[in-house]
Amino acid sequence: MRLSQAFQPTLKEVPAEAQIMSHRLMLRAGLIRQTASGIYTWLPAGLRVLRNIAQIVREEQDGVGAQEVLMPTLQSAELWKRSGRYDAYGPEMLRIQDRQKRELLYGPTNEEVVTDLFGSTVKSYRELPKTLYHIQWKFRDEIRPRFGVMRGREFYMKDAYSFDASYEGAVSSYYRMMLSYLRIFRRLGIKAVPTAADTGPIGGDLSHEFQVLAPTGESEVFYDSRWDEIDWDKEDLDGNRPEDLKKLQDLVSTTYSATDEKHDTAAWEQVPQERQASGRGIEVGHIFYFGTKYTEAMGVEVSGADGAAFHPHMGSYGVGVSRLVGAIIEASHDDNGIIWPESIAPYRAAILNLRSGDDTCDALCERFYQCAPDDILYDDRSERAGVKFNDADLLGHPWQIIIGPRGAKNGMVELKERATGERFELSVDEALKKLGLA
RNA sequence: CGGGGCGUGGCGCAGCCUGGUAGCGCGCUUGUUUUGGGUACAAGAGGCCCCCGGUUCGAGUCCGGGCGCCCCGACCA
């Protein structure tokens with residue numbers, strides 16, 4: 001994309017409403033604009049990030065056998081009356097009427113819709129297990145939206161729902177999802193630690209939150225530093241092998257992690273001193289098993305091997321995709337702006353033409369730009385060098401390709417790595433090679 | 001929902017107490033200048049002062065009502 005053509009408004013001054021860093025940076029970098037309290041328009045660069053995150057989530061969900069569907073944002077109140085939640089759910093559920101005075105709601109979650117879908121389709125235990133997910137906008141009418149996209153009212157979320165014939169099967173589905181989540185966060189380039197969470201009325205130990213470690217997190221997280229060390233991509237765990245899931249389960253139960261409210265000092269002291277780590281956490285995912293709560297309430301049954309009908313066991317698994325954008329920025333920025341992990345950056349690199357209009361500079365910039373016009377943001381504006389440096393740092397592209405008259409006449413360019421600030425004086429060919437464009 | 005604050009060109013703010021010509025910085029436009037970390041000068045454009053009502057000769061300013069937004073607290077992916 002050529003910046004001169006792009007809808008990419010950056011701001012020098014921060015709008016007064018933004019308090020925390022990620023929110024300020026998102027507004028300044030032109031990723032989002034607020035439309036109403038807790039409701040945002042995603043501008044092109046922000047949307048690219050959102051999509052990149054969603055794509056990684058999608059690939060890793062597919063990778064453990066979950067299947068993608070797309071359920072609606074508007075749901076019939078009828079369904080929620082069947083589950084009993086229409087009355088149980090508080091005022092954070094947005095209720096609407098259509099012209100026929102039918103009651104609708106803007107979905108805050110999708111257990112009802114998916115359970116109904118499943119129940120009307122699956123009739124035999126032979127078809128189990130099944131896990132369905134979708135990535136869709138949700139709405140929760142938060143009492144007090146804040147922190148920009150981190151606690152908006154409208155948010156983009158991946159939610160998955162598993163159906164199993166038995167408790168044991170459901171536990172497998174649960175840990176299969178956990179594996180998928182650990183891989184997702186790894187690929188997103190962030191440290192995320194699963195912490196045991198309250199399971200509500202169901203009980204048991206089958207609920208975990210995933211905390212992204214960032215200084216501004218809302219809760220204190222204590223964890224065994226082994227969580228940092230395990231590379232879930234390389235770890236040879238197959239979500240389809242029960243023994244591998246058992247291995248993960250053992251690992252989780254023996255590797256300490258907890259938020260402050262569930263912190264267990266006695267267990268903590270068992271963790272070797274050198275592995276005791278702590279930090280602030282932002283909750284970006286939550287998984288839990290809730291058994292037959294909805295299948296029972298909504299009368300969903302399938303036939304078992306013995307011919308008798310039973311209620312499948314369910315679990316649900318959320319990832320706050322839009323929240324992750326904010327959380328990742330909280331975890332990865334400096335005074336000059338955002339530092340995107342390569343996997344989700346809106347553009348892999350920016351080309352900074354330090355003298356637009358100069359034939360040598362222009363030609364050299366074009367040469368780089370044409371290698372990957374979709375992945376590169378080419379700053380071809382007739383702005384001062386300083387403006388371009390500042391905007392590029394603010395936008396946080398992993399790489400800056402700096403092309404000015406000084407080096408250009410000798411066929412040299414400068415690469416700057418945003419994360420480290422490291423600069424490389426390279427020939428054109430070397431630079432192309434280093435960026436993987438050659 | 002309880003407590004607090006704010007609404008004035010695109011953004012950040014002053015003006016309101018004590019009513020009388022709507023201001024500043026940034027951004028924007030044009031020209032000159034500058035050219036490796038937000039350049040300088042000059043000339044411009046741009047405002048139902050959130051909305052409705054009231055008081056007054058006269059309201060951005062005072063009074064009443066409404067709407068919107070933000071912050072602190074209890075709640076949440």
Side-chain angles (χ1 to χ4, degrees), chain A residues 9-20 23-24 27-28 30 33-40 53 57 89-93 107-111 135-160 181 184 192 197-198 200 207-212 218-219 281-288 316-327 335-337 352-358 361 379 381-394 400-409 412-414 416 421 423 425:
Chain A
T10 54
L11 264 33
K12 259 191 185 178
E13 282 170 291
V14 201
E17 73 257 21
Q19 298 300 310
I20 61 164
H23 191 192
R24 299 162 81 95
L27 289 168
R28 283 223 300 140
R33 282 292 161 87
Q34 183 170 122
T35 298
S37 178
I39 301 178
Y40 295 86
I53 295 174
V57 171
Y89 222 97
E92 65 263 39
M93 183 156 78
T109 179
N110 284 66
E111 280 83 3
I135 306 177
Q136 178 62 289
W137 292 95
K138 309 277 191 298
F139 191 91
R140 289 181 197 168
D141 198 356
E142 294 285 343
I143 294 169
R144 182 152 94 86
R146 61 183 127 173
F147 305 151
V149 114
M150 292 230 289
R151 193 182 302 172
R153 292 193 294 172
E154 190 181 48
F155 57 98
Y156 199 47
M157 180 180 171
K158 187 285 305 182
D159 42 326
Y181 274 38
I184 287 169
D198 282 320
S207 179
H208 286 85
E209 292 175 347
F210 289 79
Q211 309 283 344
V212 169
E218 292 177 83
S219 44
I282 301 169
E283 184 189 351
V284 292
H286 197 165
I287 61 179
F288 47 94
S316 81
Y317 316 91
V319 171
V321 176
S322 49
R323 170 179 280 192
L324 267 166
V325 179
D335 289 345
N336 297 321
L352 278 56
N353 188 339
L354 298 188
R355 196 176 291 176
S356 295
D358 175 275
C361 288
D379 193 345
R381 298 173 300 172
S382 56
E383 286 286 353
R384 298 250 340 180
V387 173
K388 299 188 181 193
F389 283 125
N390 281 311
D391 275 352
D393 283 349
L394 176 61
Q400 294 173 16
I401 306 165
I402 300 163
I403 296 175
R406 218 163 61 193
K409 61 173 185 281
M412 299 294 282
V413 302
E414 186 180 322
K416 177 181 158 187
R423 293 158 183 277
E425 284 277 349

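Bear in mind the structure is a predicted one, so any value in this text is a computation, not a measurement. Every heavy atom of this structure was used, including side-chain atoms; hydrogens, water molecules and symmetry mates were not. Every chain is numbered from 1, with letters handed out A, B, ... down the list of sequences.
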- Note on the structure: Whole-Å distance, A:L27 CG to B:G10 C1', equals 14 Å
- Message: Tell me which nucleotide, if any, is Watson-Crick or G-U wobble paired with B:G2 when both distances must be under 3.5 Å.
- Response: B:C72
- Message: Could you tell me how far apart A:E383 (CD) and B:U34 (C1') are, to the nearest whole angstrom?
- Response: 13 Å
- Item | Integer-rounded Å distance: B:G27 C1' and A:R28 CZ | 14 Å
- Check: A:Y156 main-chain N/O paired with A:S322 side-chain donor or acceptor under 3.5 Å: yes
- Message: Please report the distance separating the P of B:C11 from the corresponding atom of B:C70, rounded so that it comes out in whole Å.
- Response: 15 Å
- Task: Could you give the distance separating B:G3 and B:U21 at their C1' atoms, to the nearest angstrom?
- Result: 41 Å
- Item | Check: A:K388 side chain, A:D379 main-chain N or O, donor-acceptor pair, under 3.5 Å | yes
- Message: When the C1' atoms of B:A14 and B:U61 are compared, how many Å lie between them, rounded to an integer?
- Response: 13 Å
- Just by protein heavy atoms under 4.0 Å, how would nucleotides 71-77 of chain B read 5' to 3' in B, S and -? BBBBBBB
- Message: Please give the distance between the C1' atoms of B:C16 and B:C1 as a whole number of Å.
- Response: 31 Å
- Message: Whole angstroms only, please: what is the CG-P distance between A:D379 and B:G36?
- Response: 15 Å
- Item | Flag, side chain of A:R153 to backbone of A:S37, donor-acceptor distance under 3.5 Å | yes
Contact list (N/O, under 3.5 angstrom) for nucleotides 23-25 of chain B vs protein:
{"unit_1": "B:G25", "atom_1": "N2", "unit_2": "A:E13", "atom_2": "OE1", "d": "2.7"}
{"unit_1": "B:G25", "atom_1": "N2", "unit_2": "A:E13", "atom_2": "OE2", "d": "3.4"}

- C1' spacing across the pair B:G53 / B:G5, given as an integer number of angstrom: 25 Å
- Message: Considering every strand and a 4.0 Å limit on heavy-atom distances, what is the contact class for A:L324: base, sugar-phosphate, or nothing?
- Response: nothing
- May I ask you to evaluate whether A:K12 reaches the phosphate of B:G38, defined as a side-chain N or O under 4.0 Å from OP1 or OP2? no
- Query: When the C1' atoms of B:G54 and B:G19 are considered, how many whole Å apart are they?
  - Reply: 15 Å
- Query: Which distance, rounded to the nearest 0.5 Å, do you find between the CD of A:Q400 and the CZ of A:R423?
  - Reply: 7.5 Å
- Query: Rounded to whole angstrom units, what separation is found between the CD atom of A:Q34 and the C1' atom of B:G7?
  - Reply: 14 Å
- Message: For a quick test of reading the model: is some side-chain N or O of A:R384 closer than 4.0 Å to OP1 or OP2 of B:U35?
- Response: no
- Note on the structure: Scanning both residues in full, the closest heavy-atom pair of A:E209 with A:A197 reads CG-CB, 3.6 Å
- Base B:G36 to side chain A:E414, donor-acceptor N/O within 3.5 Å cut-off: yes
- Taking atom C1' in both B:C51 and B:C13, compute the distance separating them and give it to the nearest angstrom. 23 Å
- Message: What contact category does A:L354 fall into here, base, sugar-phosphate, or nothing, at under 4.0 angstrom with non-hydrogen atoms?
- Response: base
- For A:L354 and A:G404, work out which heavy atoms get closest and say how close. CB-CA, 3.8 Å
- Under 3.5 Å on both distances, the Watson-Crick or G-U partner of B:G64: B:C52
- A:F389 and A:I402, any side-chain heavy atoms less than 4.5 Å apart: yes
- Message: If I take atom CZ in residue A:F389 and atom C1' in nucleotide B:U35, what distance separates them, rounded to the nearest angstrom?
- Response: 11 Å
- Query: Can you tell me how far P in B:U18 sits from the matching atom in B:A74, rounded to whole Å?
  - Reply: 39 Å
- Query: Judged by atom type as modelled, is there a donor-acceptor pair below 3.5 Å linking the side chain of A:R323 to the main-chain atoms of A:E283?
  - Reply: yes
- Are A:S37 and B:C70 close enough that a side-chain N or O sits under 4.0 Å from OP1 or OP2? yes
- Residue pair A:L27 / A:R33: nearest heavy atoms and the distance that separates them: CD2-CA, 4.4 Å
- Return the value, rounded to whole Å, for the distance between atom CD of A:Q400 and atom P of B:G36. 16 Å
- What class does the angle between the rings of A:F210 and A:Y181 fall in, given that below 30° is parallel, 30 to 60° is tilted and above 60° is perpendicular? tilted
- Mind checking A:D159 for me? I need base, sugar-phosphate or nothing, with any heavy atom below 4.0 Å counting as a touch. nothing
- What is the nucleic acid contact for A:R423, judged by heavy atoms within less than 4.0 Å: base, sugar-phosphate only, or nothing? base
- Check the distance between B:G12's P and A:R24's CZ and give it to me in whole angstrom. 11 Å
- Item | A:R33 or A:A408, whichever maps to the more 5' nucleotide of RNA chain B | A:R33
- Indicate yes or no: at least one non-hydrogen side-chain atom of A:Q19 is less than 4.5 angstrom from one of A:F147. no
